[in-house]
Structure formats: C-alpha cells, structure tokens
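Here the structure comes first, spelled out in structure tokens, and everything after it is commentary.
Whatever order the structure lists ligands and atoms in, that order sets their numbers, starting from 1. Remember, it's a predicted structure, so these values are computed and weren't measured experimentally.
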Amino acid sequence: MLPIKEYVMKKKSELKDKILIMAEKPLLKIIQVNDDYASSTYVNGKIKDINEIGATVELEKLPIDISEKDLLIKIEETNKDDSVTGFIVQLPLPKGINEEKVKIAVDPKKDLDGFNPLSHFESATPKGILTYLIDQNYDFKGKNALVIGRSNIVGKPMAKLLLAQDMTVTVAHSKTPIDTLKKLVKEADLIVIAIGKSGFLNHSFEYKKSAYIIDVGINRNEENKLTGDCEKDLPVAFQSPVPGGVGLLTRLALLINLVEAKENGF
Ligand code: NAD
C-alpha cells in the first residue's frame, strides 16, 4: 500500500494536470455560517487544497444570526449561479436552523459533500476511503467487511459502497454486544471504524493477520493528542494512521468531486 500521504500528493498532482487543460477552472463555493474554530480550520484546509490543484474557491461567511429562510434563499441563489461548479455548506449550523432542510436544499448536481440523499456525489469520507483502496488494487470481492458505526455521513454510506464492491458487509454499532463485536472483528478482512472513541479497537481484540483497518475516528486523548478509534500498531496487515490518514482522504475526495462536477458539465 502506498502510504496515504504520498497517495494524496500523487492524486492531487493528477487533478492539477486535469484542471490545467480545462477551458474554465472549476469553482468551489463554501458557505460558512459559524465562528467555530474547528470548522474554520477545516475551511482553511479546503481553501489550501483547492489552491494547490489550481481550481478556484470562494468563501462566503454569513452572519450567525441569519434566519433559516434567508439561508435557504442563499442556497437557492447558489444553486442557480452558473459560475459555481459545486458548493458546500460547512457544518455545524447555528442553533435553530434545521440541518436536514439545508442538506436537501442543495442542488444534488452541485452537492459536493454528498449530504443530500439525491446527491450525484458520494459523501467525502467513504468516497475517499474507497478510492484509496481501489487505487491500491485492494481485492474486495467476497471478503468480510466490518463497518463499526452507523452514522449517515460515514458508517451507512461506507457499508453501501463496500456492498457495491461485492464484499459481505456487517455494520456494528453502539447496541452491538461486545462479545458479538469481538467475533466479528476476528473474522473481518476489512474493518472501517468510525465511532469517536479513542483507542477503542485495542490489543485485547483478536484480528486476522491479513486484515486491513481503516481508522476514521478523530479524538483527543488525555494528553490532548489527536488519536483515532484504534490503538497504534495493531497486529494486522495495514492500519491507517491518525493523524495523516482518513482526514487526508476526506479532503482529497472533495477535490475529486469538484473535478468530476466540472467534467460533468457544471
Ligand atoms: P457519530 O459520532 O455520528 O456516531 C457514532 C457512531 O458510533 C454511532 O453510529 C454509534 O452507534 C457508534 N458507536 C458508538 N459507540 C460504539 C461502540 N462502543 N461500539 C460500536 N459502535 C459504537 O459518527 P461519525 O460522525 O461518523 O463520527 C465518528 C468518528 O469519526 C468521530 O471521531 C469523527 O470525528 C470522525 N470523523 C472523521 C472524519 C475524517 O475525515 N477523518 C470524517 C467524519 C467523521
């Protein structure tokens, strides 16, 4: 497996080459309606990525006391704006604004986050993970996949994508008894864990030596260090690192979605 950092650099350079020969550069618009520190860090990361591949990015910050109605009007205007290839509404949204209403207001053809159920795009984290595994020639067919976590943005779409790769997919969640989970982990060829619990998959579980583990979790441990949902150095064939793993693949997937949107004529 090519380490994720190197893989992402290679893919970005391929995207840059594609954009270089486009008659018109793709434009990503980011709508931000919060003063959240973490959210602004993500936005800055996205802006840096877009600049790196030679696309264009426009950030529109809206007042945090904006009404839901006015935000929906802004989204409608952006849907109709032909200069915008695709856009995202950065989460979280202020209290009092219905996130689900906002998600479905984004035109499915421009919904690069894949949050609208009708979106033409896959949700960035599962898409980033799948693209990485495909590009590394991972042999999915008939193997056991275990997805731990069933959120709408990671667990569920991840399970769907792995099913489409002919894997036998099981989804575990907070109500899965620990003994059941231990059995599932022992039999899994590919584990994708997204639960938000530092070091949850640890050395007390038994794993297949040939297993691949994709760690989606982003947590802070007692020393305030960034950690995943897995302990380090599990006895498996591949374990994605945190930091420097799925976060990078998620950022990459947004870029891939943007270029695809442009190639599809938006
Ligand atoms: P979430 O926080 O919405 O839900 C957590 C899920 O974990 C639930 O489905 C729950 O059933 C499951 N769960 C909780 N405890 C469990 C247990 N003991 N055993 C089995 N399942 C359990 O999920 P999310 O939004 O997908 O986020 C999960 C983690 O992934 C968080 O740490 C988040 O920060 C991280 N994340 C990272 C990226 C990235 O780009 N790297 C993207 C999205 C989310």
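Using a 4.0 Å cut-off between a side-chain N of Lys or Arg and a carboxylate O of Asp or Glu, Glu52 and Arg251 do not qualify as a salt bridge. With salt bridges taken as basic N to acidic carboxylate O contacts below 4.0 Å, none links Lys10 and Asp135. A salt bridge links Glu99 with Lys103: the distance from a Lys NZ or Arg NE/NH1/NH2 to an Asp or Glu carboxylate oxygen falls below 4.0 Å.
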Full working for side chain to side chain contact (heavy atoms under 4.5 Å, CB included) between Leu249 and Thr131: CA-CA 9 Å; Leu249 296 176; Thr131 311; over 6 Å; no

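When hydrogens are left out, the protein atom nearest atom 21 (N) of ligand 1 is His173 C, 3.0 Å; that is the closest non-hydrogen contact. Of the protein's non-hydrogen atoms, Phe200 CE1, 3.5 Å is the one closest to atom 18 (N) of ligand 1. Atom 8 (C) of ligand 1 has Arg150 N, 4.0 Å as its closest protein atom, hydrogens excluded (heavy atom only). Nearest protein heavy-atom neighbour of atom 35 (C) of ligand 1: Val216 O, 3.5 Å. The protein non-hydrogen atom at the shortest distance from atom 43 (C) of ligand 1 is Val154 CG2, 3.7 Å. Among all non-hydrogen protein atoms, the one lying nearest atom 27 (O) of ligand 1 is Ala194 O, 4.5 Å. For atom 5 (C) of ligand 1, the closest non-hydrogen atom of the protein is Ile195 O, 3.8 Å. Looking only at protein heavy atoms, the nearest one to atom 15 (N) of ligand 1 is Lys197 NZ, 3.0 Å.
Residue Lys18 places its NZ atom among 12 or fewer non-hydrogen atoms of other residues, nucleotides or ligands, all under 6.0 Å distant. Taking a 6.0 Å sphere around CG of Leu2, one finds it holds more than 12 heavy atoms contributed by other residues, nucleotides or ligands.
A cation-pi arrangement is absent between Lys186 and Phe205 under the rule of less than 6.0 angstrom and at most 45 degrees off the ring axis. Geometrically, Lys143 does not engage Tyr212 in a cation-pi contact, judged by NZ or CZ lying under 6.0 Å from the ring centre and within 45° of the ring axis.
Here atom 11 (O) of ligand 1 lies nearest to Ser174 when heavy atoms of Ser174, Ser240, Ala124, Ser151 are compared. The nearest non-hydrogen atom to atom 29 (C) of ligand 1, considering only Ser198, Gly155, Gly196, comes from Gly196.
Heavy atoms of Asn219 found under 4.0 angstrom from ligand 1 belong exclusively to the side chain. Only the side chain of Thr125 comes within contact range of ligand 1, with a heavy atom under 4.0 Å; no backbone atom does. Of all the heavy atoms of Leu181, none lies under 4.0 Å from any atom of ligand 1, so neither backbone nor side chain is involved. Proximity of Thr250 to ligand 1, defined as any heavy-atom pair under 4.0 Å, is confined to the side chain (atoms from C-beta onward).
Ser39 and Asn34 share a side-chain donor-acceptor pair at under 3.5 Å.
The closest side-chain heavy-atom distance from Val8 to Tyr132 is not below 4.5 Å.
For ligand 1, the polar-atom distance check finds an N/O of Ile218 within less than 3.5 Å of one of the ligand's N/O atoms.
The shortest separation from a heavy atom of Ile148 to ligand 1 is under 4.0 Å, placing the residue in contact.
Below 4.0 Å from some heavy atom of Gly247 lie the following atoms of ligand 1, by number and element: 40 (O), 41 (N).
Of the candidates His120, Glu122, Lys127, Lys127 is the only one forming a side chain to side chain donor-acceptor pair (under 3.5 Å) with Asn257.
Within a 4.0 Å radius of atom 2 (O) of ligand 1, the protein contributes no heavy atom.
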